[in-house]
Amino acid sequence: MIVTRFAPSPTGYLHVGGARTALFNWLWARRMGGTFILRIEDTDQKRNTPTATQQVMDDLRWLGIQWDEGPEVGGPNGPYLQSQRMDIYNKYINKLLDDKKAYYCFDTAEELDALRKEAEAQKKSFSYPRPKEFPNKSDVEKAKAQGRDVTVRFAVPQDEPLVVEDIVRGEIKFAAGEISDFIIQKSDGFPTYNFACVVDDYLMKITHVIRGQEHLMNTPGQQALWQALFGDSPLPKYAHMSVTVSDTGGKLSKRERPKALRKAIKVRPDVETVRIGEQLEFDGFRKENKSPQDIETSKLAEVGGITPEQLDSFIKGKTTPDMPVIDAMAEYLGVALPEINIVDFFKSGYLPETMVNFLALLGWNPGDNREIMPVNELIDAFDLSRLTKANSLFDRSKLLAFNTEHIKMTPPEKLLQHLRAYLKAVNSPVNSGDDEKLLKIIKLCEGARSLADIERKSRFLFLDNNEIQYDNKAVKKVLLKNDGLAVLAIVRDKLAVMDEFTEQVIEDMLRCLAEEKQVGLGKVAQPLRVAICGTTVSLPIFESVQMLGKEDTLTRIDTTLKKFGADN
RNA sequence: GGCCCCAUCGUCUAGGUAGGUCUAGGACACCGGGUUUUCAACCCGGCAACAGGGGUUCGAAUCCCCUUGGGGCUACCA
């Protein structure tokens, strides 16, 4: 029986890296008909966010990753929140202490720091100096009386090399003495990750630990701890996946967002302003900002709720403010930040099926040329032996291509559900349309790359006539040039006298007019499009006009003619 | 600094464990052309890689070593 787990620490939304880890564990459990456990590693009192566990669960559910055991669903190995397992951890820590396999420490942060600096100066690995005689209970009392913090360290066997057998990397050797004694109980009484993880993996009978390469260095210590605690009982199999890196270098993380914002801000040292508005480019991701403008630094700092000094320090790359500060400033500046969290992708109009498919192919492949795969196919093909060793870069343009394919292959009814959820999340007026109308829109949007595309193209149908925003470029290009307005006026008159207002008669009229004037259909259709939508991008024009209706169409054309007509 | 991991087109990767069938395959991106009422989608074509150096071998993308480059870890975070 295969048992895997995903063990996030609840510090915020689920990000792509975490989602991929969860997915691989889930895929393997499903493939093998095993159990997938969700365990919340909330042992850090300082970092935990009260809502994070819920957010992570929501995101997993959106992706379709269901856990067999864990919060809200229960199971025989609970509780699944580590903060509720303190008795268990204490029991094992005391056992280790009694067996002289762990010992108390009373060091201050400064003392430890000094030791580390010394090791570095000597070009050696840091190794905690284990005392010859382990402190006893009365030493603990003494230390506490002096106001010193008390921690517990595990005595890592130092006389022989530690070997990790990894599914993707094979045998990895760590020389004797290379792994230092590490803390297993913090001074606040909570266990550390390296301890709780081992105990829980044992108690929950985890058979496969699939996690990021960042945990590789923890593994020898964890294995040694396992042996000290559980003797010869077989270790879980480890698979350390490659890391997903970003095009800006380093592992793809939440830090991408502040980085992107920093990149978007051009400092102008002469005056107290920053310049914003040039085209931003990330990997495959392009976002046209508002027209370039200068923004006072003081105002920007105010929006973010930080001091101008803090802003300056951020811009220079010295410090990074909290995420809400970054988000607030980005929104104020009209800068789109690269998606990192799963919800970011949801709000950008990606399908969960796209994310699952794409994430699965980051560091794994089925061995043939298949790429676009539904979940069941992914499950059937998944195999740990095909995990990739090298790090991979998160390519947003390929993700978009995947999304296009998945939108194409999703049945309309299903797509409607996704679209509804998306529209609701981004608070779009399009959500006011009934199912029949949205289904029609979906059909007209064949080839759309994201749900955001569908929203953008159909938005005009759900706005009040006075809410239409005219895009400057569109107005200049199609209305003010080539007799655009004159053509529009003719189209208006022809529409006004129509008894029937169907796609067919609208099409016939426009084609006829184009032929009369000896021009392409675009020359007559585009001015009309801009008049009713404000932009050059919308649903196909005949359907656009028909769906909007005669009355609103005429009203919008009149407004446009009045607004941009030269002689008015 | 120390320890560990990794290295095929711009990107994700196939091929590597059983060296020849690899003048290195696919996908995305890009470029050119077609289609077209916008944006997409779609069709046709093109560009493009075994990091460098040394071995082993009749023969190396594939095995070994070194160099270089990238990444991870180096917390009373997980």
Side-chain angles (χ1 to χ4, degrees), chain A residues 7-11 41-44 46-47 105 107 109 112-113 116 119-126 149-153 164 166 168-170 172-175 178-180 182-188 190 192-194 196-197 212-220 240 242-243 245 247 249-251 283-284 358 361-372 385 388-402 404 407-408 445-449 453 456-457 474 478 507 510-511 514 520-526 528-530 533 535-542 544:
Chain A
S9 65
T11 55
E41 310 223 325
D42 54 348
T43 55
D44 185 349
K46 293 179 284 289
R47 291 208 318 162
C105 297
D107 313 88
L112 288 172
D113 207 38
R116 288 198 184 90
E120 191 170 335
Q122 291 178 12
K123 304 192 175 202
K124 281 203 258 182
S125 295
F126 167 74
D149 286 340
V150 178
T151 57
V152 177
R153 264 176 211 270
V164 172
D166 186 83
V168 313
R169 283 155 223 285
I172 302 157
K173 272 202 190 113
F174 297 85
E178 193 55 56
I179 305 300
S180 168
F182 56 92
I183 291 180
I184 56 176
Q185 185 176 51
K186 301 183 254 186
S187 59
D188 64 2
F190 276 80
T192 57
Y193 158 76
N194 274 317
C197 170
Q213 196 207 119
E214 61 267 28
H215 289 293
L216 193 52
M217 296 302 281
N218 293 143
T219 312
H240 288 93
S242 58
V243 175
V245 297
D247 54 330
K251 137 175 109 158
D283 169 52
F358 187 76
L361 256 39
L362 227 49
W364 174 82
N365 68 77
D368 47 40
N369 282 336
R370 279 181 297 169
E371 287 202 323
I372 302 298
S385 71
T388 300
K389 288 183 192 170
N391 293 168
S392 45
L393 195 142
F394 192 88
D395 182 353
R396 288 191 167 76
S397 45
K398 186 145 185 169
L399 177 69
L400 238 202
F402 269 52
T404 310
I407 287 179
K408 227 177 281 175
C445 285
E446 215 178 332
R449 313 209 83 193
D453 277 358
R456 190 166 51 117
K457 284 179 167 185
V478 316
E507 175 168 358
L510 289 171
R511 287 198 190 281
L521 187 53
K523 285 281 182 291
V524 299
Q526 283 302 79
L528 178 56
R529 191 190 302 277
V530 174
C533 309
T535 75
T536 53
V537 178
S538 80
L539 300 175
I541 190 65
F542 316 130
S544 288

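Protein chains get the first letters and strands the later ones, always in sequence-line order, with residue 1 at the start of each. Predicted model only: the values in this text are computed from it and were never measured.
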S.K.: How would you label the contact of A:Phe542 with the nucleic acid (heavy atoms, under 4.0 Å): base, sugar-phosphate, or nothing?
M.R.: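 It contacts base atoms.
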S.K.: How would you list, by chain and number, every residue that makes a side chain to side chain contact (heavy atoms under 4.5 Å, CB included) with A:Ser9, sequence neighbours excluded?
M.R.: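 For A:Ser9, the residues satisfying side chain to side chain contact (heavy atoms under 4.5 Å, CB included) (neighbours in sequence not counted) are A:Thr11, A:Arg47.
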S.K.: Can you check each nucleotide of nucleotides 72-78 of chain B against protein heavy atoms at under 4.0 Å and return B for base, S for sugar-phosphate only, - for none, in 5' to 3' order?
M.R.: BS-SBBB
S.K.: Going by ring pair (Phe, Tyr, Trp, His ring centres under 6.0 Å), name the residues that satisfy it together with A:Phe190, two or more places apart in sequence or in a different chain.
M.R.: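 So A:Phe190 forms no ring pair (Phe, Tyr, Trp, His ring centres under 6.0 Å) with any residue.
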S.K.: With A:Arg153, which residues qualify under salt bridge (charged side-chain N to carboxylate O under 4.0 Å, His left out), at least two apart?
M.R.: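 By the salt bridge (charged side-chain N to carboxylate O under 4.0 Å, His left out) rule, A:Arg153 matches no residue at all.
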S.K.: Not counting sequence neighbours, which residues clear side chain to side chain contact (heavy atoms under 4.5 Å, CB included) with A:Ile407? List them please.
M.R.: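 Once residues adjacent in sequence are excluded, the partners of A:Ile407 under the side chain to side chain contact (heavy atoms under 4.5 Å, CB included) criterion are A:Leu351, A:Asn403, A:Leu415.
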S.K.: Looking for any heavy atom pair under 4.0 Å, which part of the strands does A:Arg449 touch: base, sugar-phosphate only, or nothing?
M.R.: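 It contacts sugar-phosphate atoms only.
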S.K.: If I take atom CG in residue A:Asp368 and atom P in nucleotide B:A27, what distance separates them, rounded to the nearest angstrom?
M.R.: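 Checked: the CG to P distance equals 13 Å.
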S.K.: Select from A:Lys389 and A:Val537 the residue whose nearest nucleotide in RNA chain B is closer to the 5' end of that strand.
M.R.: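 Between the two, 5'-proximity favours A:Lys389.
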S.K.: Select base, sugar-phosphate, or nothing to describe what A:Gly363 touches, counting heavy atoms under 4.0 Å on all strands.
M.R.: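 It contacts sugar-phosphate atoms only.
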S.K.: Without swapping roles, check the side chain of A:Asp166 against the backbone of A:His240 for a donor-acceptor pair under 3.5 Å.
M.R.: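 Yes, because the side chain of A:Asp166 sits within donor-acceptor range (under 3.5 Å) of the backbone of A:His240.
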S.K.: Among the nucleotides B:U37, B:A14, B:C5, which one has an atom lying closest to any side-chain atom of A:Asn365?
M.R.: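 Taking heavy atoms from C-beta onward, the closest nucleotide is B:A14.
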S.K.: Please answer whether the main-chain N or O of A:Phe358 pairs with a side-chain N or O of A:Lys398 as donor and acceptor at a distance below 3.5 Å.
M.R.: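 Pair absent, no side-chain N/O of A:Lys398 close to backbone of A:Phe358.
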S.K.: Hey, does A:Ser538 reach any base, or is it just sugar-phosphate, or nothing, if we go heavy atoms under 4.0 Å?
M.R.: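 Base contact.
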S.K.: Using the closest heavy atom to pick a nucleotide of RNA chain B for each, name whichever of A:Arg456 or A:Phe174 lands nearer the 5' end.
M.R.: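 Comparing both residues, the 5'-ward one is A:Phe174.
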S.K.: Checking A:Lys408 now: which residues fulfil salt bridge (charged side-chain N to carboxylate O under 4.0 Å, His left out) with it, not counting sequence neighbours?
M.R.: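 Here the qualifying residues are A:Glu405.
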S.K.: Ignoring hydrogens and angles, tell me if any N or O in the side chain of A:Ser544 forms a donor-acceptor pair with the backbone of A:Leu539 under 3.5 Å.
M.R.: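 Answer holds: yes.
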S.K.: Write down the distance between CG (A:Leu362) and C1' (B:A27), rounded to a whole number of angstrom.
M.R.: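 Rounded to whole Å, this separation is 14 Å.
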S.K.: Quote, to the nearest angstrom, the C1' distance that separates B:A49 from B:A41.
M.R.: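 It comes out at 30 Å once rounded to the nearest Å.
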S.K.: Whole Å only: how far is the CZ atom of A:Phe402 from the P atom of B:A29?
M.R.: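 Taking atom P of B:A29 as the reference, CZ of A:Phe402 is at 11 Å.
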S.K.: Check side chain to side chain contact (heavy atoms under 4.5 Å, CB included) between A:Ser125 and all other residues, then give those that pass, not counting sequence neighbours.
M.R.: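 Counting only residues at least two positions away or on another chain, A:Ser125 forms a side chain to side chain contact (heavy atoms under 4.5 Å, CB included) with A:Glu178.
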S.K.: Do A:Glu371 side-chain and B:G26 base share a donor-acceptor contact under 3.5 Å?
M.R.: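 Flag set: donor-acceptor pair detected.
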S.K.: Give every pair of a protein N or O atom and an N or O atom of nucleotides 42-46 of chain B that lie under 3.5 Å apart, one pair per line with the distance.
M.R.:
unit_1	atom_1	unit_2	atom_2	d
B:C42	OP1	A:Lys408	NZ	2.7

S.K.: In whole Å, what is the span from the CD atom of A:Glu507 to the P atom of B:U37?
M.R.: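 About 9 Å, once rounded to whole Å.
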S.K.: Give the nucleotide from the list B:C12, B:G1, B:U38 with an atom nearest to the side chain of A:Lys123.
M.R.: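 For the A:Lys123 side chain, the nearest candidate turns out to be B:G1.
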S.K.: What's A:Glu178 touching, base or sugar-phosphate or nothing? Going by heavy atoms closer than 4.0 Å.
M.R.: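 If one applies the 4.0 Å heavy-atom cut-off, A:Glu178 turns out to touch the sugar-phosphate alone, with no base involved.
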S.K.: What's A:Gln526 touching, base or sugar-phosphate or nothing? Going by heavy atoms closer than 4.0 Å.
M.R.: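 Contact class for A:Gln526: sugar-phosphate only.
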S.K.: State whether the distance check finds a donor on one side and an acceptor on the other, under 3.5 Å, for side chain A:Lys457 versus base B:A40.
M.R.: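 No, the side chain and the base share no sub-3.5 Å donor-acceptor pair.
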S.K.: Can you tell me if the side-chain N/O atoms of A:Ser242 get under 4.0 Å from OP1 or OP2 in B:C5?
M.R.: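 It does not, given that no N or O in the side chain of A:Ser242 lies less than 4.0 Å from OP1 or OP2 of B:C5.
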S.K.: Can you list the residues that meet the side chain to side chain contact (heavy atoms under 4.5 Å, CB included) rule with A:Lys523, with sequence neighbours excluded?
M.R.: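 For A:Lys523 the side chain to side chain contact (heavy atoms under 4.5 Å, CB included) partners, ignoring immediate neighbours, are A:Asn482, A:Val519.
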